[in-house]
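In this chain, numbering begins with 1 at the start of the sequence shown.
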Amino acid sequence: MGNLIRLMRSSRSLGFWAAIALILVTMFPWSAPANAAPRSQRQRISSVSSRHHRARLRVKHRPAHRGRWIEVNLSRQRLIAWENGRVVYSTAISSGKRGTPTRRGVFAIQSKYRAKTMRGRGYVAPNVPYTMFYSGGYAIHGAYWHNRFGRPVSHGCVNLPVGQARRLYSWAGVGTRVVVR
């Protein structure tokens, strides 16, 4: 939210209503895409290649989205990168724990930082690598301080192994859709 306020102050070309729209988009959760296939239509994706591993995935539907977008599946603790309806890669994540859950909804990457100091109640994490904010203080980023991916251990952000965070950071631009389910 602080970045949004600084952006509004620094950019004279950003109109009043555009600023209001940005604030509303960051404040309210959004539902899953309306054109998503029903749950009864399940497809199995046999395997996905990655430089470091091959993952077996089961997805509820094959998304009809064009372009690049990111799916965060909280129940499976997986991040899936999509491009034109095809899986580009997938990796294990650590989302927010019970007391500090990850926010669900449809968002877009708002800002990217190669390294960012992150602060919250009871923690300060300097030089958090490959940080991409998608909703206020919620971000997708690398986590150098733990290796417990596949389990919810974060303060609400989506933690990735640093190498995977680097890859996603290079692949996704500002404005890339992020769907957290």
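Looking only at side-chain heavy atoms (C-beta outward), Thr102 and Val72 stay at 4.5 Å or farther from each other. Leu79 is not listed as a side-chain neighbour of Ser90, based on a closest heavy-atom distance of 4.5 Å or more. His155 places a side-chain heavy atom less than 4.5 Å from the side chain of Lys97. Counting heavy atoms from C-beta on, the side chains of Tyr130 and Arg167 never come closer than 4.5 Å. Between His141 and Met118, the closest side-chain pair of non-hydrogen atoms falls below 4.5 Å. Tyr169 has its side chain within reach of Arg114: a pair of non-hydrogen atoms, C-beta onward, lies under 4.5 Å apart.
Using cut-offs of 30° and 60° on the angle between ring planes, the pair Phe133 and Tyr113 is perpendicular.
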Residues 145-154 side chain polar contacts: donor-acceptor under 3.5 Å, at least two apart:
{"unit_1": "His146", "atom_1": "ND1", "unit_2": "Arg148", "atom_2": "N", "d": "3.0"}
{"unit_1": "His146", "atom_1": "NE2", "unit_2": "Asn159", "atom_2": "OD1", "d": "3.0"}
{"unit_1": "Ser154", "atom_1": "OG", "unit_2": "Ser95", "atom_2": "O", "d": "3.2"}
{"unit_1": "Ser154", "atom_1": "OG", "unit_2": "Gly96", "atom_2": "N", "d": "3.1"}
{"unit_1": "Ser154", "atom_1": "OG", "unit_2": "Gly156", "atom_2": "N", "d": "3.0"}
{"unit_1": "Ser154", "atom_1": "OG", "unit_2": "Cys157", "atom_2": "N", "d": "3.3"}
{"unit_1": "Ser154", "atom_1": "OG", "unit_2": "Cys157", "atom_2": "O", "d": "2.6"}

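Following chains of ILVMFWY side-chain contacts shorter than 4.5 Å, one can reach Tyr144 starting from Leu168, so the two form part of one hydrophobic cluster.
For the 3.5 Å distance criterion, the side chains of Arg103 and Tyr138 fail to qualify, holding no donor opposite an acceptor.
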Next item on the list: Before giving the answer on side-chain contact (heavy atoms from CB on, under 4.5 Å), spell out for Ile140 and Leu160 the whole-Å C-alpha distance, their side-chain angles and the decisive distance to 0.1 Å.
Entry: CA-CA 7 Å; Ile140 299 170; Leu160 301 173; 3.6 Å; yes

Item checked: side-chain contact (heavy atoms from CB on, under 4.5 Å) evaluation trace for Ile70 with Ile109 -> CA-CA 10 Å; Ile70 298 165; Ile109 293 175; 4.0 Å; yes

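Geometric assessment of Arg177 against the ring of Phe107 yields a negative cation-pi assignment under the 6.0 Å and 45° thresholds.
Of the options Tyr134, Trp171, Trp82, a ring pair (Phe, Tyr, Trp, His ring centres under 6.0 Å) to Trp69 is made by Trp82 and by none of the others.
A distance of 10.0 Å separates OG1 in Thr176 from CD in Glu83, rounded to the nearest 0.5 Å.
Judged by distance alone, the side chain of Lys116 and the main-chain N or O of Met132 form no donor-acceptor pair under 3.5 Å. A side-chain donor-acceptor contact under 3.5 Å links Arg66 to the backbone of Asn84. In terms of modelled atom types and a separation under 3.5 Å, the side chain of Arg181 and the main chain of Leu74 share no donor-acceptor contact.
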